[in-house]
Structures are given as structure tokens and as C-alpha cells.
Protein chains: 2
Amino acid sequence: MAKTTKSAPLRGPRKAGPEATRQKILDAAEILFAERGFHSVSVRDITAAAGVDVALVHYHFGNKQLLFETVFMRRAELLNAERLRRLEAVVQRAKPRAPKVEEIIDAFTHPLLDRSARGGPGWKAYFALIAQVNNSTEFGGLMMTRYFDPVVHAFIAALRRAFPGCDERELYWSYHFLSGALTLTFAETGRIDNLSQGACRSNDLDSVHQRLVPYVAAGFRALCSRSSTTPARRKRKTL
Amino acid sequence: MAKTTKSAPLRGPRKAGPEATRQKILDAAEILFAERGFHSVSVRDITAAAGVDVALVHYHFGNKQLLFETVFMRRAELLNAERLRRLEAVVQRAKPRAPKVEEIIDAFTHPLLDRSARGGPGWKAYFALIAQVNNSTEFGGLMMTRYFDPVVHAFIAALRRAFPGCDERELYWSYHFLSGALTLTFAETGRIDNLSQGACRSNDLDSVHQRLVPYVAAGFRALCSRSSTTPARRKRKTL
DNA sequence: GTCTATAGCTTGATAGAC
DNA sequence: GTCTATCAAGCTATAGAC
């Protein structure tokens with residue numbers, strides 16, 4: 001029993017210390033926010049689910065809004081690190097050429113879909129939360145930009161190399177469509193289950209990934225190849 | 001002045017009658033729900049914005065939830081009718097062959113993007129609301145299914161004819177990705193403005209439509225052609 | 001149909017004992 | 001760090017005058 005230093009004080013089944021309390025609050029908040037959205041979950045709901053006192057949210061996080069952002073940030077950092085690692089690996093492996101579009105998209109989406117499928121209920125809830133935030137007028141523009149833009153810029157830089165001479169706007173709009181398709185998947189609303197009368201299931205993320213990558217890659221090629229190879233033939237069409 | 005029947009009683013600038021009150025409440029609710037979501041908007045917020053009394057929401061709609069569903073339904077019926085008309089026109093024009101994929105997708109998306117772009121603030125808000133509902137764990141599965149599945153089934157039937165022998169699941173997942181890309185567009189969160197440093201603008205829906213159609217058409221072809229023409233080459237890939 | 005008034009609760013947040 | 005106790009403000013909903 002050499003572990004009696006003060007770096008892990010009183011680490012037992014009963015009293016787990018302030019860090020454990022923080023994590024219990026974050027875990028409970030994550031699930032409730034994902035299920036019902038920011039505004040319909042009260043601080044009391046969260047602390048009751050976490051099995052801690054009401055006042056501790058304000059002690060540890062300041063207020064409800066800051067708790068929300070902490071939930072959002074906690075897993076974003078892990079995700080972004082892995083996605084950048086994967087992207088770098090793909091780029092290195094393809095050198096000196098640019099990687100295939102499919103490989104770039106896979107590096108971007110696989111770490112997310114894999115965790116949502118197999119990371120446990122915390123990850124599942126987190127991605128459902130992302131789905132709501134991404135499509136929210138209130139939070140979408142600010143929070144997604146703040147926590148995910150760095151990794152998106154790296155991703156777009158890789159795609160820029162895959163489509164030399166491509167108009168920047170085609171790349172950004174193509175990414176926008178990918179973002180919408182991906183985050184709707186995270187929501188797992190069950191709508192496709194109803195629509196397909198059971199042929200497809202919202203929670204079958206392996207099926208999604210298998211299809212999302214070629215679908216999106218084809219979309220990128222449709223927009224980003226034509227703008228460089230056939231700029232004159234581009235139709236000027238009003239809506 | 002032959003219009004003195006009781007079908008339009010007291011139609012003046014001051015007292016506009018109960019139907020006008022209903023519409024004022026719906027208009028205000030639509031904008032507020034779109035801006036801040038269902039739960040963060042109070043009945044008082046709505047009636048204050050509408051310039052009517054608090055109690056009238058309950059008189060006219062029963063409760064807050066039923067008001068929400070009425071807002072959602074009001075424009076859905078108009079939209080669905082026009083989309084079915086457009087789809088039918090495209091199908092008739094192409095007979096006896098199936099229409100081009102691009103034409104089918106255009107019939108599905110144009111009525112929406114056109115109204116969001118040029119229909120005024122009520123339509124704009126309505127589509128932002130759709131964006132949130134579609135990605136919501138709480139409302140998405142139920143409400144989108146209830147109000148939009150009939151038109152989606154007609155749309156998928158047309159695509160089925162365009163991809164004869166295609167696996168049903170490819171059609172449904174392809175539609176799912178379209179739905180995500182489209183509804184994120186409706187949210188107009190400003191994220192792409194930040195990401196592209198102004199090169200793309202969330203509210204430039206003409207640009208979106210010009211790109212969404214070929215992007216999605218290419219995606220559909222990537223998934224729905226291969227499943228019928230090259231079933232043996234289909235890779236069995238785990239996530 | 002519209003309004004006033006209010007019942008009955010829940011909310012986010014905090015002050016202060018331990 | 002954690003808890004008890006409480007506050008002021010906000011909420012949905014309704015009863016009843018007009």
C-alpha cells in the first residue's frame with residue numbers, strides 16, 4: 001500500500017473528493033441536456049440525477065450556462081486531438097501525393113461515429129448534444145465555431161490539396177453539407193426507423209459510416225472538381 | 001360595398017376578430033420558438049410580442065405544447081401540397097421515363113429554399129424551427145414523421161424508379177443525408193460565415209440550392225447505383 | 001373573445017452553518 | 001467542499017368579470 005500520498009486523498013467508495021463530484025455533475029448534465037435541451041433541464045434535475053447537492057453546480061461551475069459549455073468542451077478536446085492525428089497519418093501515408101478524398105473524410109468522421117457507436121452512453125449523449133447545438137440558431141454559430149473550427153480548417157486544407165485550383169466556396173459548402181448529414185445522424189431521432197418501416201435503424205452507425213463516406217466523397221467531387229476543371233461550363237442559375 | 005355579410009365581420013384596422021388574434025399569436029410564437037427553442041420561450045413572451053393577453057393562448061390553443069404543434073403544422077400543409085405538385089409535374093414531363101435525379105431533388109428542395117429566401121420573416125423563422133426539430137431527440141422522430149413523411153414517401157418512390165433494383169436502405173440513408181444537409185442550411189447559424197471568413201454566407205440560399213442539388217444527386221448515385229449495378233463488388237466494411 | 005387577478009409551482013442563485 | 005434554508009422572480013394555467 002504505497003498509495004498514501006495526498007495526491008489521491010480519501011479515495012474510497014464513499015467520499016470520492018471534489019473532482020469526482022465535478023465529473024458526476026458533468027455526466028448527469030450531459031445526458032439530460034442531450035435528452036431535453038439546455039433550457040428544459042433545471043439545475044435541480046441535474047444535481048438530483050448526479051446524487052449531489054443543488055448548490056454544488058454553482059460552486060464548481062459558476063452557473064448553468066458555464067456548466068453547459070464545460071460539458072461541451074470536455075470531450076471536444078479529446079476528439080479534436082484524435083482527428084488531427086488521424087488526418088496527419090493519412091496525409092503522411094499518401095505523400096507526396098494528396099490522400100484520397102474518402103480517406104480524408106474517414107479521418108474526420110470515424111473518430112466520432114466510432115465513439116457514438118461503442119464509447120458508451122456518455123459519448124452517445126454527447127453527440128446527440130452536438131446534433132442539437134449544430135442546428136440551433138441560439139448556440140450553433142458560436143459554440144461549434146469556438147470548439148471545432150481548428151480541426152475543420154485542417155480538414156479543409158487537406159481537401160484543398162485533393163482538389164487543386166478549386167474555388168474556396170465549393171469546399172466550404174461541401175463541408176457544410178457533410179456537417180448537416182453527420183450531425184443529424186448523431187441525433188438518432190428514430191425518424192428513419194419510422195420512414196423506412198424498420199429497414200434502417202437510427203442507431204446502426206456502422207451502416208451510416210459505410211454510406212456516409214462514399215456519399216459525401218461523391219458530393220465533394222461533384223462540386224469541387226467541376227469548379228477547377230470546367231469553370232466556363234458552370235451554370236449561372238438563380239434559385 | 002357588397003362585402004357586408006357576416007363572413008368577415010368588423011374587418012377594420014382596430015378590432016380584427018378572433019382569427020386575427022390566433023394568427024398574431026402563431027406569428028409571434030413562430031419567431032420566438034425559432035430563435036430560442038420551445039422551452040426557453042414563455043407564453044408571456046409570446047403574448048407580449050403578439051400584443052395580446054396572456055390568457056388567449058390557452059383559450060385558442062389549449063396549452064403551450066399544442067400551440068407549438070399548430071405553428072409547426074400551419075405551413076407544413078402548404079409546403080407539402082406544392083412539393084407534391086412539383087414532383088408530379090416533373091414525373092409527367094419525363095414520361096414514360098423516370099425524371100433525372102436532379103429534377104426530383106429540385107422539386108423536393110426548391111419550394112423550401114425559395115420560401116426561406118424570399119417568403120419573408122415568418123417563413124424564415126419557420127424553417128429555422130424545422131432545423132431544430134429535425135435534430136432534436138425530444139421532438140425529431142415524432143413531429144417530422146407526422147407532418148412530412150407522406151411527401152417524403154412520394155419523393156422516395158420517384159427516386160426508386162430512377163434507380164431500378166436499388167436496395168431500399170440505400171434510398172433511405174441517402175434521403176437521411178439530404179435531410180441533414182438541408183435542415184442545417186435552414187438554421188442559418190452563421191457558422192459557415194465564421195469558418196470561411198466571410199467567403200460564404202449562411203443566408204445566401206441561392207448559392208446553397210445551386211450546390212445542394214448536384215452534391216446530393218452525386219451522393220444518391222454513389223450509393224444507389226452501385227447497389228444495383230455492382231452488388232458483388234460491395235465492400236463489407238466494419239466501422 | 002378578451003381581460004384582470006391570482007393560484008400554485010418551479011426556477012437559478014446565494015448566504016451561511018458545518 | 002458540502003449541505004440547509006431561503007429568496008425573488010419566473011412560470012403555466014385557470015377562474016371569473018366584462
Side-chain angles (χ1 to χ4, degrees), chain A residues 5-72 129 138-139, chain B residues 5-33 35-72 138-139:
Chain A
T5 68
K6 73 175 175 194
S7 68
L10 293 169
R11 188 64 60 99
R14 289 291 160 82
K15 281 266 180 211
E19 184 52 31
T21 299
R22 263 183 65 95
Q23 296 298 326
K24 278 195 288 185
I25 292 171
L26 287 170
D27 291 343
E30 184 167 63
I31 286 170
L32 290 170
F33 285 146
E35 281 175 359
R36 288 151 43 194
F38 178 72
H39 294 285
S40 75
V41 174
S42 69
V43 174
R44 287 172 154 78
D45 292 335
I46 295 166
T47 52
V52 304
D53 191 86
V54 228
L56 292 178
V57 160
H58 301 97
Y59 177 78
H60 284 287
F61 301 97
N63 60 39
K64 188 184 168 187
Q65 173 77 37
L66 287 171
L67 167 61
F68 184 62
E69 296 191 28
T70 307
V71 166
F72 203 82
L129 186 59
E138 187 179 9
F139 299 115
Chain B
T5 67
K6 73 175 175 192
S7 67
L10 294 169
R11 188 64 61 97
R14 290 291 160 83
K15 281 265 181 213
E19 182 53 30
T21 299
R22 262 183 67 95
Q23 296 298 326
K24 277 195 290 187
I25 291 171
L26 287 170
D27 291 342
E30 184 168 64
I31 286 170
L32 290 170
F33 285 146
E35 281 175 357
R36 290 149 41 194
F38 178 71
H39 295 285
S40 75
V41 174
S42 69
V43 175
R44 286 172 151 75
D45 292 336
I46 294 166
T47 52
V52 304
D53 191 86
V54 228
L56 293 178
V57 160
H58 301 96
Y59 177 78
H60 284 288
F61 301 96
N63 60 39
K64 187 184 167 187
Q65 173 78 36
L66 287 171
L67 168 60
F68 185 63
E69 296 192 27
T70 307
V71 166
F72 202 82
E138 188 179 8
F139 299 115

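No hydrogens, no waters, no symmetry mates; every other heavy atom, side chains included, goes into these values.
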Return the minimal non-hydrogen interatomic distance between Val41(A) and Leu32(A), and the atom names on each side.
CG2-O, 3.4 Å
Applied to residues 42-65 of chain B, the ring pair (Phe, Tyr, Trp, His ring centres under 6.0 Å) test, sequence neighbours excluded, yields none
Length of the line joining Tyr59(B):OH and dG16(D):C1', which is rounded to integer Å
15 Å
If you compare all heavy atoms of Arg36(A) against all heavy atoms of His39(B), which two are closest, and at what distance to 0.1 Å?
O-CD2, 4.0 Å
Protein within reach of the bases, or only the backbone? For nucleotides 5-11 of chain D, mark each nucleotide 5' to 3' as B, S or -, using heavy atoms under 4.0 Å.
-B----S
Judged by atom type as modelled, is there a donor-acceptor pair below 3.5 Å linking the side chain of Asp27(A) to the main-chain atoms of Lys24(A)?
no
Is the distance between the ring centroids of Phe38(A) and Phe139(A) less than 6.0 Å?
yes
To the nearest Å, how far apart are Phe61(A) CZ and dT2(D) P?
11 Å
Thr21(A) side-chain N/O to dG1(D) phosphate OP1/OP2 under 4.0 Å:
no
Rounded to the nearest Å, what distance is computed from the NZ atom of residue Lys24(A) to the C1' atom of nucleotide dT2(D)?
11 Å
Rounded distance (Å) that lies between atom P of dG1(D) and atom CG of Leu56(A)
11 Å
Has His58(B) got a side-chain N or O lying under 4.0 Å from the OP1 or OP2 atom of dA15(D)?
no
Return the minimal non-hydrogen interatomic distance between Ala28(A) and Ile46(A), and the atom names on each side.
CB-O, 3.7 Å
Taking only N and O in the side chain of His60(B), is any of them less than 4.0 Å away from OP1 or OP2 of dT2(C)?
yes
